[in-house]
Amino acid sequence: MTITETKWWQTAVLYQIYPRGFQDSNGDGIGDLQGIISRLDYLQTLGITGIWLSPVYKSPNDDNGYDISDYQDIMDEFGTMADMEELLVEAEKRGIKIIMDLVVNHTSDEHAWFIEAKKGKDNDYRDYYIWRDPVDSDVPNSLGSAFSGTAWAFDEASGQYYLHLFSKKQPDLNWENEKVRQEVYDMMNFWLDKGIGGFRMDVIDLIGKIPDEEITGNGPKLHEYLKEMHTTTFGQEKYDVMTVGETWGATPEIAKLYSNPARNELSMVFQFEHSGLDEVPGKSKWDLQPLKVSALKKVFAKWQNELGHEGWNSLFWNNHDLPRIVSRWGNDKEYREKSAKMLAILLHMLKGTPYIYQGEEIGMTNTPVSDVSEIDDIESINLYEERLALGYTKEEILTSINAKGRDNARTPMQWDASDNAGFTTGTPWLHVNPNYKEINVAENLADEHSVFHTYQKLIQLRKENPLVVWGDFELLDTVDEVFAYKRLYEGKEWLVVTNFSNEEHPFSYDGNYGTILIENESTPQSLTDIPLSPWQAFVVELKK
Ligand code: GLC
Ligand code: CA
C-alpha cells in the first residue's frame, strides 16, 4: 500500500511528563516547568518528538492537577504563564511539540464556575454542573465514583446533590449545556493559539453521559460533541495538531468511531485492553488474576489488525495511572534490564504512535509501601478506607495497591545517585524509590548497553524505517511464552521475537536470517530451532 498523506503524529514518538515528579528547580520538593525546561536536552537525546504534559493548570491538587480551578492559568507550584511560554519555545527549538492534557469531564470544586453554581438554584452557572434532587431522602441513583463510594455529593445549602464521577472535589460538567461546551472550546482555542501540538483528552468517553439512566461511558451524544469540538477548535484549517482520547473500555469498533479520519473526531485513542489483563473479569482493577502471555498476544494482534485504515493505534505500557511495566509484565529483580528492553522492543516495533512514560526509558520499577500513611494518591487512599470497612485485611489491600496503585508511577524521576535521585534539593512531595542509586539517568547514559540506549535506538529505527510506521502486522504461531510477529512493507520483512518468561523457550522460523536491527543480548545467527533465553528479544530483517 502507498501512503498518500502522512500526518506528523503518525511518525512521532511521545514522552509523557507528570510534572509534579519530573524535576524540581527551586528546592520546594515539587517538580515544575523550569525543571522540565532544564531537561529538554535529555529528551532530545532520547529522540522523542512530542511531550504529553499532564495538567499544569491552576489546581488545588486533590487529584494532582486533574482537578482544575483555572484552565487559563498555571499552577502556582509549577510556575507562571511566562514559564509555560518559554517551555513551548524551548521545546520547539528541539523539534518537540507540547501536547496539553485536556480535563473537561469535570472541573475542581474551586473553579469559579462551581463556586458560582453552588450559590443557588437560580445562579447563572447552576446548569454548568449536574444537580439532582434527593430520591427518598437519599442519593438520586446508584452511580458510583471511580474513587470509591457514591458519585453524588450532597449540598446542604440547596438540598440537592451534584454529580462527581471522580472525587467530591471534581464535580462533573454538564455537557448538555451549550454554554459549557462553548466555554471549553474557547479555552481550547486559547491554548491552540499559543502554539501547542494538541490535546490528550482526559476520560473523554464520559462527556456524553446520561446520569438519570446511569449511562456514563459512550453516551449517545458523545460523538456529536466531538465533531462539534473538532469543527470549532483543533479541526480548523489553521491548526495542525494531534488529539488522543483516553477511552477506557474502547473496543476496536469504538476506537474507529473516534479515529476514522473521515469522521473528523480525534487522531487516536488510548485503549486499555492490554492493561486490564491482570484483572478478574467483571471485577475492579484491584482484583488481580495471573498474567497470561497468550491473552496479551491476542489483544495486541486484534488491535494491530482491526484498526486498518479507519483508525490509528496508540502504543503504551505505562502512564501516571498504571504500575511500572517492568514490575508488571517483566521481572523487576534479576532480569530487570533485560526484561525492560524486551518490553520496549516488543511495543516499539508495533504499528501506531508510541508513548513513553517518564522513567520507563531507564527501567524504573514499582515502589512498594508498607503502610497507608506512605500513600499520596486519592484513589488508593479511598480504596483502602472502603475495603477496610468491607472487612478486607490491611495486607490484602496493600497487596492490591502495591501491584496497581498509581503512586508506583508517580515517585520522582531518578536522575542520578545524589540525594533524592537529583529530583530535588528539598524534601520530595512523594518518597523516592530507594533503588535510585542503581537505577538512574546518569548510570543509563554512561552505559552503552542500558535500557535508555535501547529506547533511543528504537526511536531511531522508527525514524529511519517507514516499515516500522506503516508496515502490516502478522502474528506468528509460537509457544505461549514467546511473542513473535512480522512487519511487512514494500517487499521488506522484519521479524520481532521476544520471550516473556524466566525460562528458556524454543523458537523456530522457516526463513533466511538477515541483518539484526536490535537485540537485548547477542543473538545466534540462525532462526532454526533456536533456544530463546529468559526475556530475550531481537529484531531481524529477513533475507530474500
Ligand atoms: C484520568 C486521569 C487520572 C484522573 C482521572 C480524573 O483517568 O488519567 O489521573 O485521576 O482521569 O481526571
Ligand atoms: Ca519546584
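Indexing begins at 1, ligand by ligand and atom by atom, following the structure's order. Since the structure is predicted, the reported quantities are computational estimates derived from the model, not experimental observations.
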Against heavy atoms of His106, which atoms of ligand 1 measure under 4.0 Å? 6 (C), 12 (O)
Determine the minimum heavy-atom distance between Glu77 and Ile30, stating which atoms define it. CG-CD1, 3.8 Å
Name of whichever N/O/S atom of Asp24 is nearest to the Ca ion (ligand 2): OD1
Tell me if the centroids of the rings in Tyr129 and His106 come within less than 6.0 Å of each other. no
Does a side-chain N-to-carboxylate-O contact under 4.0 Å join Asp371 and Lys394? yes
For atom 8 (O) of ligand 1, which protein heavy atom lies nearest, and how many Å away is it? Asp321 OD2, 2.5 Å
Under 3.0 Å from the Ca ion (ligand 2), is there any N, O or S atom belonging to Asn26? yes
Electrostatic pair Arg387:Glu396 at N-O distance under 4.0 angstrom: no
Below 3.0 Å, can you find an N, O or S atom of Asp28 next to the Ca ion (ligand 2)? yes
Location of contacts on Met201 toward ligand 1, heavy atoms closer than 4.0 Å: neither
Looking only at N, O or S atoms, find the one in Asp32 nearest to the Ca ion (ligand 2) and name it. OD2
Per-residue contact class, Arg406 against ligand 1 - non-hydrogen pairs under 4.0 Å: side chain
Parallel, tilted or perpendicular for Phe114 and Trp131, by the 30°/60° rule? parallel
Do the charged groups of Lys283 and Glu279 touch, with an N to O distance under 4.0 Å? no
Measure the distances from the heavy atoms of Glu379 to every atom of ligand 1 and state whether one is below 4.0 angstrom. no
Checking Lys404 against Trp286: charged group under 6.0 Å from the ring centre and within 45 degrees of the axis? no
What are the two closest non-hydrogen atoms of Ser59 and Ser69, and how far apart are they? N-OG, 3.6 Å
Where ligand 1 meets Arg410 - atom numbers and elements under 4.0 angstrom, heavy-atom basis: 9 (O)
Among all the protein's non-hydrogen atoms, which is closest to atom 4 (C) of ligand 1, and how far away is it? Asp63 OD2, 3.3 Å
So do the side chains of Tyr392 and Thr399 get within less than 4.5 Å of each other, counting heavy atoms only? no
Would you say Ile30 reaches the Ca ion (ligand 2) with an N/O/S atom under 3.0 Å? yes
Nearest protein heavy-atom contact for atom 7 (O) of ligand 1: which residue, which atom, what distance? Glu246 OE2, 2.8 Å
Which protein heavy atom lies closest to atom 12 (O) of ligand 1, and at what distance to 0.1 Å? Asp202 OD2, 2.7 Å
Is ligand 1 under 4.0 Å from a heavy atom in the side chain of Phe147, in the backbone, in both, or in neither? side chain
